[in-house]
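Below is one structure, written out as structure tokens, with a few remarks after it.
Quick note: numbers below take in every heavy atom, side chains included, and nothing from hydrogens, waters or symmetry partners.
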Amino acid sequence: MAGHVGTLTREPGASAEQRALARKIVLRVGLAALTVLAVIVLTFVLEFVIPANPARVVAGPKASSQVVAEVARNLGLNRPEWQQLLSYIGGVLHGDLGYSYVSQTSVTSLLAGRLPATALLMAAGIFVELAVGGALGLWDGLRPKRSWVLASINIGLLSVPTFTFGFLLLLLFGYVWPVLPVSGGLGAAQLVLPALTLGLLGAPYYAIVVRDQLREVLPAPFVRTALAKGLTRRQILRGHVLRVVVPPVLTMAGMDVALFLSGVVFVEDIFAWPGIGQLQVQAFENVDRPVLMGTVIVAATAVVVMNLVVDLLRLVVDPRVRAESL
């Protein structure tokens, strides 16, 4: 009887927790959608602040005012801004990002051709920062004293702008010691320098997180118990310590998408990497409004979706996060 009563009293609590968790997930999905919508509106408004006339760019510098006006009508630029905004949002909801003013090509197809290159560069950059930052963090965390050499390197890397570090690597390994190509492209050799630029600048964050986690976990009672049982240092690291260190590192890797997409514009332009960052720079120079907005919206959506996925995974998997949120 007591067992049945315990079951009956647990079920409503579990159901209430599940409903609260479902409400939290729906709320965060809704906030993510609102964030993307806000990015669309803000980007659209900023486009009208740029002191340039897309119709003039399309028609050419020598075109008459009549031709420019005709081009503006054909592009729908003569309509009120609010009508253009509503029309654009409606198109985005149907997967239509418009057509490039310059190439007359679908923006969706342009982005689809460039996204794999950007995704490859981001994956390579994250691999570099995880490998380098994780290794340095383990080395520093297992030392009896903090390495001030590593701390100085971390501070130096964190203070260097992305484009400066990229130009430095390009100068050193493309011209002073010409061991890597500088012509751009999608080859493995062309991937090395941009991946190192993104990865090495992000490695200090992971080194610090891993070191701090190790300093916090190593004195824990379960580690001392494992030592008392006769486990080797490697067995303790693999079986106990890394289980605590890896989750925050993976969460940080998911959050890194935002930083990567902000830095990838400079990196792709420096190394002529054919991704959406380079496409965005070209669209800005050509006042190609649909392409520029498309790159911003896709990048913002990727950031929001990745952060949402990481947030929901932590909410579902980690009981501590779930208890704090409910």
**Q.** Verdict with supporting geometry, Y99 and V107, side chain to side chain contact (heavy atoms under 4.5 Å, CB included)
**A.** CA-CA 5 Å; Y99 285 81; V107 175; 5.6 Å; no
Q: Mind running side chain to side chain contact (heavy atoms under 4.5 Å, CB included) on L110 and L97 for me, showing each step along the way?
A: CA-CA 10 Å; L110 286 175; L97 296 175; over 6 Å; no
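For the pair Y101/R289, a side-chain contact is recorded, criterion being any heavy-atom separation below 4.5 Å from C-beta on.
By the criterion of side-chain heavy atoms lying less than 4.5 angstrom apart, applied directly or through intervening Ile, Leu, Val, Met, Phe, Trp or Tyr residues, L37 is not grouped with L27; the two fall into different hydrophobic clusters. Tracing side-chain contacts under 4.5 Å through hydrophobic residues (I, L, V, M, F, W, Y), one never reaches L34 starting from L42; they form parts of separate clusters. The same ILVMFWY cluster, assembled from side-chain heavy atoms under 4.5 Å apart, contains both L186 and I270. Taking hydrophobic clusters as Ile, Leu, Val, Met, Phe, Trp and Tyr residues chained together by side-chain heavy-atom distances below 4.5 Å, L171 shares a cluster with L200. L31 and V26 sit in two unconnected hydrophobic clusters of ILVMFWY residues. Membership requires side-chain heavy atoms under 4.5 Å apart, directly or through other members.
Heavy-atom minimum distance, R211 versus D140: CD-OD2, 2.9 Å. Summarising the geometry of L191 relative to W273, their closest heavy-atom pair is CD1-CH2, 3.7 Å, with the distance given to 0.1 Å. Summarising the geometry of V267 relative to P194, their closest heavy-atom pair is CG1-CB, 3.5 Å, with the distance given to 0.1 Å.
Rounding to the nearest 0.5 Å gives a distance of 8.0 Å between CH2 of W139 and CG of L136. Taken from CD in Q282 to CG in L279, the straight-line distance is 6.0 Å, to the nearest 0.5 Å.
Within the structure, no pair that satisfies the salt bridge (Lys or Arg N to Asp or Glu O under 4.0 Å) test touches residues 96-113, not counting sequence neighbours. Pairs engaging residues 97-119 under the salt bridge (Lys or Arg N to Asp or Glu O under 4.0 Å) rule: none recorded [sequence neighbours left out].
Partners of S106 under the side chain to side chain donor-acceptor pair (under 3.5 Å) rule, at least two apart in sequence or in another chain, do not exist in this structure. With sequence neighbours excluded, no residue satisfies salt bridge (Lys or Arg N to Asp or Glu O under 4.0 Å) with D269.
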Listing, residues 117-135 side-chain donor-acceptor contacts under 3.5 Å, not counting sequence neighbours, or none:
from: T118; atom 1: OG1; to: E268; atom 2: OE2; distance (Å): 2.9
from: T118; atom 1: OG1; to: I276; atom 2: N; distance (Å): 2.9
from: E129; atom 1: OE2; to: Y206; atom 2: OH; distance (Å): 3.2

Show me the side-chain donor-acceptor pairs of residues 150-168 shorter than 3.5 Å, one per line, residues at least two apart or across chains.
from: S152; atom 1: OG; to: W148; atom 2: O; distance (Å): 2.8
from: N154; atom 1: ND2; to: L150; atom 2: O; distance (Å): 3.4
from: S159; atom 1: OG; to: I155; atom 2: O; distance (Å): 3.1
from: S159; atom 1: OG; to: G156; atom 2: O; distance (Å): 2.9

For residues 290-305, which side-chain donor-acceptor pairs fall under 3.5 Å, sequence neighbours excluded?
from: T295; atom 1: OG1; to: Q280; atom 2: NE2; distance (Å): 3.1
from: T295; atom 1: OG1; to: V291; atom 2: O; distance (Å): 3.3
from: T295; atom 1: OG1; to: L292; atom 2: O; distance (Å): 2.7
from: T301; atom 1: OG1; to: I297; atom 2: O; distance (Å): 2.7

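Remark: side-chain polar atoms of T197 are not paired, donor with acceptor, to backbone N or O of A195 under 3.5 angstrom.
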